[in-house]
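In what follows, a single structure is set out as structure tokens and then discussed.
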Amino acid sequence: MKYKTITKDNPQNFKVRPNLYNYEAMRKDFKWEDIHKELDFLPGGGLNLAYEAIDRHTKNDKKNKIALIWDGKNNKEEKYTFQDMSRLSNQFANILDSLGVKKGDRVFTYLDRVPELYISIIGIAKTGAIIGPLFSAFGTEAIKDRLSDSGAKVLITSPQLLANVDAVKKDLPELKHIIIVNKHNVPYSPKENEIVYEKAMAGAKTEYNICSTDKEDFSIMHYTSGTTGKPKGAAHVHEAIVGHYATAKYVLDLHSEDIYWCTADPGWVTGTSYGIFGPWANGVTQLVSEIGFQVHHWYDLISKYKVTVWYTAPTAIRMLMKYGEKEVKKHNLSSLRYINSVGEPLNPEAVIWSREVFGMAFHDNWWQTETGCIQIANYAVQDIKPGSMGRPFPGVKAAIINDNFTQELPAGEEGHLCLKYPWPSMFRTYWNKKDLYNSRFKNGWYITGDKARMDNEGYFHFVGRADDVMNVAGHLVGPFEVESALVEHPAVAEAGVIGIPDPIRMEVVKAFVSLREGFEPSEKLKLDIKKFVAEKLDANAAPKEIEILKTLPKTRSGKIMRRLLKARELGLPEGDTSTLEE
Ligand code: AMP
């Protein structure tokens with residue numbers, strides 16, 4: 001079905017003048033170097049994203065402006081000015097210094113969305129160490145893989161999550177210190193090598209000399225999933241702030257007076273690029289909620305804090321749609337002026353629905369962990385074609401490339417979505433996996449791993465992944481990681497994992513397993529296997545469905561044929577099966 005284009009009014013009539021006023025003109029003239037002029041750089045030269053996000057505002061009239069509004073569990077609320085964030089992150093940086101943290105060390109966070117998570121992240125950057133945010137819903141295996149691969153030296157966590165850390169600590173010889181944030185005052189006594197955040201902060205100096213990082217020094221790493229192997233750490237540099245700042249300004253259209261809410265968790269790249277750095281580099285007040293998706297609470301938050309710009313994800317939007325317009329009407333959402341979505345394809349129905357119920361359409365944009373910032377977007381001043389991710393950001397050249405990566409394909413043809421590199425916020429390596437990193441670049445193009453097509457007006461349309469990676473509610477899940485967890489279950493002999501379509505979460509994981517001798521198929525066993533994976537990885541990665549087979553289809557070299565499992569599951573042509581084991 002073809003959806004009608006949503007046409008935009010003349011920007012002269014907008015209540016707030018959009019930062020990106022004329023797409024074509026900006027595309028023509030855009031230079032990343034010009035964005036540098038809008039940043040302050042460190043007093044003695046150097047570029048540090050913590051300074052650009054927080055400290056530079058303490059030198060101007062934003063000093064006493066609220067940087068962070070925190071909506072906590074049990075009706076808690078806290079507010080922090082840019083000055084508060086600067087001071088507290090200085091204190092935290094001093095704690096890290098006292099532990100011997102040096103530039104380039106990896107310091108990881110494993111916390112719920114409490115203010116201390118944000119303070120820690122800014123503090124880590126100030127020391128010149130590399131930030132590694134872990135999603136607090138991760139289980140034991142997920143945190144072990146990431147902490148071990150990165151060689152993290154310090155971990156900041158909470159008493160509630162400590163049991164998971166304790167379970168894997170013996171496999172992490174490089175992890176020297178654990179800092180415990182006890183936000184909700186639960187009974188807890190520190191063990192050896194555990195530092196009580198609250199106590200350490202009380203004794204920490206409030207002044208700190210920010211490490212004079214170069215724009216090419218590493219700043220942050222996020223683990224992301226691929227088809228093969230365990231998740232890999234996409235490492236970014238301090239120059240990434242140039243991309244965060246520019247896209248928060250020109251895509252999310254942030255203005256100084258905005259109250260902005262990004263619903264993503266900092267365990268994922270959206271939660272740091274657009275839940276920390278980009279908006280704060282623009283001096284904007286951000287709302288953070290500790291509480292996950294709850295339809296009433298979300299609408300209450302928008303109305304209570306008069307949120308003006310909202311950045312969320314398709315799964316959440318589809319859940320809001322499920323509750324319908326009735327719920328929207330119970331709240332005063334008149335503060336909203338601009339709404340955006342990312343993480344998975346935003347279905348056209350969701351775009352149309354949002355226009356009807358909120359009086360404005362969600363603007364979809366596309367990017368990924370490796371790109372560090374938004375690359376393709378819908379803009380306030382541009383018409384929206386529902387179902388399209390929009391057009392490339394002015395400093396970005398995107399194209400659809402053939403299978404050999406030698407040629408740009410004409411409008412209308414499907415192919416590999418590629419980007420001309422470099423750009424400031426692109427990742428600079430996969431941690432310890434330089435060859436894998438290099439394999440993502442060919443003939444001047446960065447290969448995104450997505451398939452797409454471009455129409456004759458330069459709008460990009462997502463087609464699917466070029467690999468086996470699944471997208472569950474906006475979170476990439478690597479089949480290998482799930483299969484590895486599955487075969488650790490005592491009953492599972494072999495496992496093959498695919499993504500199957502889901503009306504709300506886009507995809508869910510389906511696992512095919514064969515059982516070891518002595519185990520019989522049963523519903524109880526399937527439940528047990530699901531729980532096992534959820535505890536090791538996280539709920540998104542846990543199979544929603546498990547099918548028990550006698551054997552799994554394999555190539556003659558013994559590789560499980562996920563492609564065939566998927567084709568059979570979805571009733572698609574099986575393709576070439578000549579390599580199939582007899
Ligand atoms: P991640 O690296 O976890 O942020 O995931 C990035 C991947 O999510 C992309 O490569 C796409 O496959 C998918 N993705 C992100 N945004 C969109 C979007 N707007 N439309 C379609 N897919 C998207």
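Just follow the structure's listing: the first ligand is 1, and inside any ligand the first atom is 1. Note that the coordinates shown come from a computational prediction; the quantities given were computed from them, not determined experimentally.
In summary, of the residues considered (Asn540, Val508, Val497), a side-chain contact (heavy atoms from CB on, under 4.5 Å) with Met470 occurs for Val497 alone.
The N/O atoms of Arg465, backbone and side chain alike, include one that comes under 3.5 Å of an N/O atom in ligand 1.
Atom OH of Tyr323 has 12 or fewer heavy atoms from other residues, nucleotides or ligands within 6.0 Å. Heavy atoms of other residues, nucleotides or ligands lying less than 6.0 angstrom from NZ of Lys230 number more than 12. Crowding of Lys4 atom NZ: a count of heavy atoms from other residues, nucleotides or ligands under 6.0 Å not exceeding 12.
Closest to atom 18 (C) of ligand 1 among all protein heavy atoms lies Glu344 O, 3.4 Å. Closest to atom 1 (P) of ligand 1 among all protein heavy atoms lies Thr369 OG1, 3.3 Å. If you check which protein heavy atom lies closest to atom 7 (C) of ligand 1, you get Leu476 CD2, 4.0 Å. At the top of the distance list for atom 14 (N) of ligand 1, counting protein heavy atoms only, stands Gly343 O, 3.3 Å. At the shortest separation from atom 9 (C) of ligand 1 among protein heavy atoms lies Asp450 OD2, 3.3 Å. Protein heavy atom at the shortest distance from atom 21 (C) of ligand 1 is Pro345 N, 3.2 Å.
Side-chain contact between Ile130 and Trp431 is present, with at least one heavy-atom pair separated by less than 4.5 Å.
For ligand 1, the atoms closer than 4.0 angstrom to any heavy atom of Met389 are 20 (N). Close approach to Asn365 involves these atoms of ligand 1, each under 4.0 Å from a residue heavy atom: 16 (N), 18 (C), 19 (N). The atoms of ligand 1 that sit less than 4.0 Å from any heavy atom of Asn471 are 8 (O), 13 (C).
Sorted by first and then second residue, the salt bridge (charged side-chain N to carboxylate O under 4.0 Å, His left out) pairs with a member in residues 458-469 read Asp450-Arg465, Arg465-Asp467, Asp468-Arg562; sequence neighbours excluded.
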List the atom pairs, with distances to 0.1 Å, where a side-chain N or O of residues 380-390 and a protein N or O form a donor-acceptor pair under 3.5 Å, not counting sequence neighbours.
| residue | atom | partner | partner atom | Å |
| --- | --- | --- | --- | --- |
| Gln382 | OE1 | Arg391 | NH1 | 2.8 |
| Asp383 | OD1 | Lys8 | N | 2.9 |
| Lys385 | NZ | Asp455 | OD2 | 2.8 |
| Lys385 | NZ | Glu457 | OE1 | 2.4 |
| Ser388 | OG | Gly390 | N | 2.9 |
| Ser388 | OG | Phe460 | O | 2.8 |

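Here the side chain of His236 pairs a donor or acceptor atom with the backbone of Thr369 at under 3.5 angstrom.
Here Gln368 has heavy atoms under 4.0 Å from ligand 1 in both its backbone and its side chain. Residue contacts with ligand 1 for Trp367 involve N, CA, C or O but no side-chain atom from C-beta outward (heavy atoms, distance under 4.0 Å).
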